[in-house]
Structure formats: structure tokens, C-alpha cells
Student: 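Structure provided below as C-alpha cells; questions to follow.
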Protein chains: 2
Amino acid sequence: MNKIDLGYDTINLGHGSGGLMTRDLLDKIIFETFSNPYLDQKHDGSIIQMDGKMAISTDSFVVSPIFFKGGNIGDLAINGTVNDVAMCGAIPEFLSLAFIVEEGLAIGDFIKIVETIKETADKSGVKIITGDTKVVERGKGDKIFINTTGFGKVHPKADISAKKIKPGDKIIISGPIAQHGMAIMSQRDGLEFESSIESDTTNLNFLVSKLLDSFGDKIHLFRDPTRGGLASVLSEIASDIQMGVNIIESKLPIDDQVAAACEMLGLDPLFVANEGIFVSIVDPEIEAEIIELMQKDDKGKRAICIGEITEEHPNKVVMHSVIGGKRMVTPLLGEQLPRIC
Amino acid sequence: MNKIDLGYDTINLGHGSGGLMTRDLLDKIIFETFSNPYLDQKHDGSIIQMDGKMAISTDSFVVSPIFFKGGNIGDLAINGTVNDVAMCGAIPEFLSLAFIVEEGLAIGDFIKIVETIKETADKSGVKIITGDTKVVERGKGDKIFINTTGFGKVHPKADISAKKIKPGDKIIISGPIAQHGMAIMSQRDGLEFESSIESDTTNLNFLVSKLLDSFGDKIHLFRDPTRGGLASVLSEIASDIQMGVNIIESKLPIDDQVAAACEMLGLDPLFVANEGIFVSIVDPEIEAEIIELMQKDDKGKRAICIGEITEEHPNKVVMHSVIGGKRMVTPLLGEQLPRIC
């Protein structure tokens with residue numbers, strides 16, 4: 001597709017006009033790339049058949065820089081929403097895709113992102129069925145922002161609800177924390193440092209679906225600890241269920257390089273964003289089996305139980321340290337790492 | 001709601017962190033305003049029951065200025081997507097809502113927009129069921145951008161498809177053109193002029209539904225001529241159906257004040273954006289009846305037939321002028337009025 005001649009090297013305001021230039025951009029890049037019977041209706045919207053309980057989730061992606069080790073804003077925009085739909089216990093199937101492009105974005109960069117979106121959507125088995133493209137003047141945006149809204153049928157065996165969580169439930173994490181945030185930080189203007197840390201952005205829908213096939217309503221909650229990190233997600237859960245959350249520091253999976261980078265920048269990895277891991281809160285009777293099943297999957301190789309729900313210290317997350325101490329994990333207050341996703 | 005004390009006068013980066021400040025903003029403004037059983041799940045997404053053919057449409061809104069005569073970006077974000085779903089022949093029911101806010105936006109402005117969104121959604125009978133809020137640094141956005149994605153059930157009698165259009169079909173417009181675009185232009189930096197022109201932003205879903213109740217599959221197409229104006233929509237239709245479109249200049253409804261403003265700025269009203277009108281292409285046998293029904297509705301008071309589909313000049317839109325001449329209406333090429341919606 002890189003050979004397409006649009007007659008322009010960069011996106012300009014005309015591409016957002018709704019006129020011929022918009023149509024040209026859509027026809028040569030968007031429709032050409034994503035062609036499917038839904039999108040090809042080329043109407044103001046798309047018609048799909050849906051039956052039953054559907055999960056819907058929306059996210060805007062404003063990550064900076066837009067290209068980083070392990071991915072680009074296009075991967076995030078697809079995986080992020082695919083995963084949010086999966087976290088509802090659903091099987092993502094359709095996505096809408098809306099761009100806000102800053103005038104001056106290189107057409108080559110735009111095409112690269114669109115191609116990534118296509119590959120990433122294909123990998124997750126989701127179709128782009130409707131979209132929108134707006135262009136804002138130079139200095140009124142930042143290269144490109146992407147919104148995706150995803151839908152999918154709730155898994156027939158899923159019964160995900162914080163209300164089902166009870167004391168003794170186990171907290172399972174699917175993989176090592178803080179990778180995405182540290183990959184972005186290592187390339188952030190003014191903070192760059194040498195590292196080979198890659199974003200963990202990936203789709204979690206197939207693994208989630210497999211777990212639901214096997215364990216159904218024994219899985220009480222799925223959450224992906226993105227913005228705000230693991231600490232924020234656990235704090236939210238504790239406050240939603242008005243019970244306590246106990247986690248064991250020594251169990252938290254983290255790569256040495258990521259831990260070292262966090263230390264260097266003075267960041268607590270518990271607050272650093274993730275993109276390709278999730279937390280599940282499950283009935284204690286399936287603890288061993290679910291970890292075993294997760295570990296057989298590429299996306300869950302390092303799955304581990306990091307703690308449990310308790311009646312003690314309601315609304316609070318408490319971390320038990322290696323040397324036997326306890327500390328309260330407070331949720332992130334303000335911004336630690338802006339525009340991480 | 002204006003009495004809410006967030007402890008901040010403006011949105012700052014912390015509100016986009018995913019931490020406590022984000023939660024505070026969401027709890028005190030978003031959840032407080034839109035509370036409904038779907039949104040109150042406060043999960044990564046929302047679960048709804050859907051059965052049958054659903055229409056889905058997404059749009060990002062980047063209008064500048066964000067407050068203008070006749071509305072603000074909040075009205076547009078709801079009405080725009082509600083109308084796009086309606087144009088698919090569907091009854092909009094649910095919306096997702098995603099904000100990208102520039103650091104420094106006054107909390108008062110944010111609240112005003114959120115309140116407008118609530119009122120506008122209520123008027124259209126749609127529920128906000130899931131959302132997202134991101135914050136970008138000062139100078140990396142422009143006050144606020146909003147994405148909405150809408151869904152609704154296809155009307156049981158609807159059979160909307162450009163494939164059904166045939167020569168002789170009548171083109172009906174629901175009201176006067178170019179109002180929204182000229183309302184925005186009159187307040188655009190550097191171009192301000194005195195006028196009382198108001199945006200025509202409004203919801204069209206109830207009128208569309210009423211028309212489908214009465215005329216079902218005799219209505220072949222609905223389109224709302226937003227960005228790019230009436231000319232761009234008619235050109236797209238002509239090229240999609242590979243037939244000609246004839247329109248009669250003297251029939252085009254336009255307010256004197258709007259026509260004068262267009263002349264002053266050298267703009268062709270055919271290319272100026274609309275928000276509250278739509279075009280329907282219908283079987284000629286219902287022409288008189290559909291106009292009569294539309295005229296009884298506040299949103300269609302000035303409905304009129306502006307032309308018809310023809311076998312002559314395929315792919316082209318031809319306007320027949322008052323003095324008997326003909327001119328080709330070419331689609332808008334690039335940008336006439338950036339960021340009009």
C-alpha cells in the first residue's frame with residue numbers, strides 16, 4: 001500500500017473536509033485496507049445482526065510518542081478496546097474506528113498506523129465496520145488520536161460481576177507488570193534512556209475466552225490494569241466491593257530490566273501502565289487449574305496468584321512485603337505518566 | 001451541578017491519569033450526570049441486550065469554537081451521532097461517549113458541555129452507557145474533542161439502500177440549508193461578523209421514525225448533509241448509484257440572512273455544513289404525502305422536493321437555475337470551512 005500516490009506527503013485540512021480529498025483518502029487507504037461487507041456499505045453507519053447480551057466499550061488513544069518499541073498507537077487502539085470488551089467476559093467482534101489527525105502528519109506514518117490496525121484487528125478476529133476521519137490545524141492536536149468502540153457477544157458461560165467476589169477469592173495476574181509504561185517512558189522526550197523494554201501490547205480475547213470455556217462462573221472478575229497500573233485497578237476493586245485486597249510483594253511478576261528502569265526514574269511499578277496483562281479474581285477452588293491453563297498460553301506463561309480478597313481492612317489494598325512488613329497501597333492520585341495510552 | 005467543588009478550576013493532566021483524580025472527575029461529573037443502570041456498572045465496558053439488526057455509527061467532534069449560537073460541541077456530539085444512526089433507518093438507543101480534553105479547559109466549561117450532552121441525549125431518548133476521558137497537555141489539543149458511537153435497532157419497516165434508488169425517485173430536503181456552517185463561521189476567529197444565525201443542530205430520529213412508520217420501504221435513502229454540505233452528499237449519491245441527480249435551484253430552501261452571509265464570504269451554500277436537516281430519496285408515488293407529513297413536524301416544517309434522480313448525466317449532479325440555465329455541481333475538493341463539526 002505504500003506505493004499509493006495520494007498526491008500529498010502529509011495530511012492536510014482538505015482531508016477532513018468531507019469533500020473529494022476526504023473521499024480520496026478514505027477510498028485509497030481506509031476502504032482499500034479494511035474492505036468488508038459492513039464497511040463497504042459506505043453509509044453514515046453500518047448495519048449488523050446482533051442477538052443476545054452484548055458488551056460495548058470505548059477508548060480514545062492519545063499515546064505519545066505514536067511509534068514506540070513493541071508497537072504503535074494503532075496496536076494500542078485495537079488491542080486496548082478488544083481487551084476491554086474481553087474484560088466484560090465477551091468475545092469482541094466489531095470495532096468502530098475514528099481518527100483525529102493533526103495537519104502535517106506524514107501520509108507514510110498514517111499508512112503505517114492503518115496497516116498496523118488492520119493486522120492487529122485481523123489477529124484478534126475483529127472487523128472494522130464504521131469510521132470517521134477529522135483533521136485539525138497544526139498545533140491543535142498531536143499527530144494522531146484514535147478512538148475505537150468495540151462490541152461483542154457476552155460469552156455464554158460468563159457471569160462477570162464484582163458483586164460475586166467474596167473473601168478468600170484468589171487474585172491471579174497473567175504476566176509481568178509495568179512493561180508498557182516503561183517502554184513509552186524510555187522514548188519520551190527529555191526522558192529517553194537506553195533500554196530494550198518493549199510494550200506488552202497484545203490481545204487477550206482468546207485467552208479470556210478459553211478461561212471462560214473451562215471455568216465459566218467461577219471467574220468473578222476480569223480487569224486489565226492499564227492507565228494507573230495495577231495499584232489503581234486493585235484500589236478500585238477494593239472500594240467497589242468494600243472488602244480488602246491482600247497482595248504479596250514477592251509474587252508480583254516484573255522483569256529485572258523494567259524494575260531497574262522504574263527505580264532509576266523513581267516510579268513505583270504498581271502504578272505504571274500495562275497493556276497486555278489482566279487480573280482475574282476467581283473462586284479459590286479453581287486457583288491451581290486456572291493458573292495451569294493460563295501458563296500453557298503464550299499470553300499467560302507467567303500467570304501467578306498474587307494475593308486474595310479478605311474481610312480485613314475493607315476498601316484497602318495491603319501489600320505484604322518480602323521481609324514480613326505490610327504497607328497500604330494507595331491509589332494513584334494525579335498524573336504519573338501522562339499520555340501513556 | 002455547578003456547585004460541585006472539585007478543588008480545581010481547570011482540567012489538568014491528573015484528570016487523565018486513571019487514578020483518584022480521574023475517579024473524582026468521573027464520580028462527581030460524569031456518573032452523577034448520566035447515572036443509569038448500564039453506566040453504573042462502572043466496568044471497562046457495558047453490557048446491553050440487543051436483538052436483531054442494529055445500526056452503528058461513530059463520529060468525532062472537533063468543532064471550533066466549542067460554544068456557538070444555537071449550541072455547543074455537546075449538542076453536536078449527541079445529535080450528530082443520533083442522526084447518523086437514524087439515517088441508517090434505525091432508532092438510536094445507546095451511545096458511548098469519549099472525551100479528549102486539553103489541559104487548562106475550565107471545569108465550568110466542561111460541566112456546561114456535560115450538562116448539554118445530558119439534556120440532548122434525554123431529548124433524543126438515548127442513554128450514555130460507557131465512556132472514556134483522556135487529557136492531553138496544553139497546546140496538544142484544542143479545548144475538547146468528543147467521540148460518540150451510537151447504536152440502535154433498525155426500524156422494522158426500514159429498507160434503506162442506495163441500490164433501491166431508480167430514475168424518477170424524488171429528492172426531498174427537510175429544511176433550509178447552510179445554517180450550521182454559517183453560524184460557526186460568524187464566530188470564527190478573524191472572521192467574526194454580526195449575525196443572528198443559529199446552528200440548526202437538532203435530533204432527527206423521531207421524524208425519521210415517523211416517516212418509516214408511514215412509508216416503510218418506499219423510502220430508499222436518508223442522508224444528512226453535514227461536512228461538505230448538500231453538494232457533497234448529492235455528488236456521493238450520484239457516484240454511488242451511477243445515475244444523475246437533478247436539482248432545481250429555486251426550490252432550495254435557504255434563509256435570507258444565511259444566503260447574504262454566504263455571499264459576503266464568497267461561499268457557496270451548497271457546500272456549507274448542516275446539522276439539523278436531511279435528504280430523503282423516495283419513490284415518486286409518496287412525494288406529496290411524505291412532504292405533507294414532514295411539514296406537520298417541527299423538524300420538517302419547510303420540507304420540499306428539490307429534484308429527482310435521472311438516467312441522464314450519470315454520476316453527475318446538475319442544478320437547473322432560475323433563469324433556465326444548467327450548471328454542474330462538483331463536489332467540494334478540499335477544505336472550505338475546517339472544523340465545522
Side-chain angles (χ1 to χ4, degrees), chain A residues 13-14 16-23 42-60 62 84-85 87-88 94 96 98 100 129-132 134-137 139-142 145 147 149 154 223-224 226-228 232 236 240 331-336 338-339, chain B residues 13-14 16-23 42-60 62 84-85 87-88 94 96 98 100 129-132 134-137 139-142 145 147 149 154 223-224 226-228 232 236 240 331-336 338-339:
Chain A
L13 288 172
S17 65
L20 277 182
M21 283 178 63
T22 305
R23 192 142 175 143
K42 291 189 188 179
H43 199 286
D44 285 335
S46 190
I47 310 273
I48 58 178
Q49 182 76 30
M50 288 185 173
D51 291 292
K53 269 162 74 179
M54 305 285 304
I56 300 190
S57 185
T58 193
D59 242 326
S60 293
V62 298
D84 279 350
V85 171
M87 294 302 111
C88 297
F94 301 113
S96 66
I100 298 174
I129 57 167
T130 191
D132 180 50
K134 293 287 191 312
V135 181
V136 296
E137 309 91 321
K140 300 295 185 182
D142 195 13
F145 301 144
N147 176 282
T149 304
V154 174
R223 285 293 296 274
D224 56 343
T226 53
R227 259 194 306 179
S232 298
E236 269 182 51
D240 280 351
L332 185 64
L333 176 64
E335 192 52 280
Q336 190 189 34
R339 298 180 57 195
Chain B
L13 288 171
S17 64
L20 276 184
M21 284 179 62
T22 305
R23 193 143 175 144
K42 292 189 188 178
H43 200 285
D44 285 338
S46 191
I47 311 271
I48 58 179
Q49 181 75 29
M50 287 184 171
D51 290 293
K53 272 163 72 181
M54 304 287 302
I56 300 189
S57 184
T58 193
D59 242 327
S60 293
V62 298
D84 280 350
V85 171
M87 294 302 111
C88 298
F94 300 112
S96 66
I100 298 174
I129 56 168
T130 190
D132 180 49
K134 294 288 191 312
V135 181
V136 297
E137 309 90 321
K140 300 295 185 182
D142 194 12
F145 302 145
N147 176 282
T149 303
V154 174
R223 284 295 295 275
D224 58 341
T226 52
R227 261 195 303 180
S232 298
E236 270 182 51
D240 280 351
L332 184 64
L333 175 64
E335 192 50 280
Q336 191 189 32
R339 298 181 57 195

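The model shown is predicted, which means the values in this text are computed figures rather than measured ones. Throughout, a chain's letter reflects where its sequence line sits, starting with A, and its residues are numbered from 1.
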Student: Can you tell which of E236(B), M54(B), R223(B) has the highest number of heavy-atom pairs within less than 4.5 Å of chain A?
Tutor: M54(B)
Student: Go through the atoms of S57(A) and report whether side chain, backbone, both or neither lie under 4.5 Å from a heavy atom of chain B.
Tutor: both
Student: Name the member of I129(B), D224(B), T22(B), D84(B) that forms the most heavy-atom pairs with chain A at distances under 4.5 Å.
Tutor: D84(B)
Student: Look up atom CD1 in I56(B) and atom CE in M50(A), then write down how far apart they are to the nearest 0.5 Å.
Tutor: 4.0 Å
Student: Which pair of non-hydrogen atoms, one from D132(A) and one from T58(B), has the smallest distance, and what is that distance?
Tutor: CB-O, 3.7 Å
Student: Return yes if some donor-acceptor pair links the side-chain N/O of D51(A) with the main-chain N/O of D51(B) below 3.5 Å, else return no.
Tutor: no
Student: Mind listing the closest non-hydrogen atom pair of G19(B) and S232(A) along with its distance?
Tutor: CA-OG, 4.2 Å
Student: Would you check if F145(B) and V136(A) make a side-chain contact, meaning some heavy-atom pair closer than 4.5 Å?
Tutor: yes
Student: Please identify, among G228(B), S60(B), G139(B), A98(B), the residue contributing the most non-hydrogen atom pairs under 4.5 Å to chain A.
Tutor: S60(B)
Student: Which of the residues T226(A), V85(A), D240(A), D142(A) is involved in the greatest number of heavy-atom pairs with chain B at under 4.5 angstrom?
Tutor: D142(A)
Student: Is chain B contacted by the side chain of D59(A), its backbone, both, or neither, given a heavy-atom distance below 4.5 Å?
Tutor: both
Student: For I47(B), is it the side chain, the backbone, both or neither that has a heavy atom under 4.5 Å from a heavy atom of chain A?
Tutor: both
Student: For each of C88(A), A55(A), S46(A), tally heavy-atom pairs with chain B at distances under 4.5 Å, and name the one with the top tally.
Tutor: S46(A)
Student: Taking all non-hydrogen atoms of both residues into account, name the closest pair between T149(B) and T149(A) and its distance.
Tutor: OG1-OG1, 2.9 Å
Student: Which residues pass the salt bridge (Lys or Arg N to Asp or Glu O under 4.0 Å) test with E137(B), not counting sequence neighbours?
Tutor: R339(A)
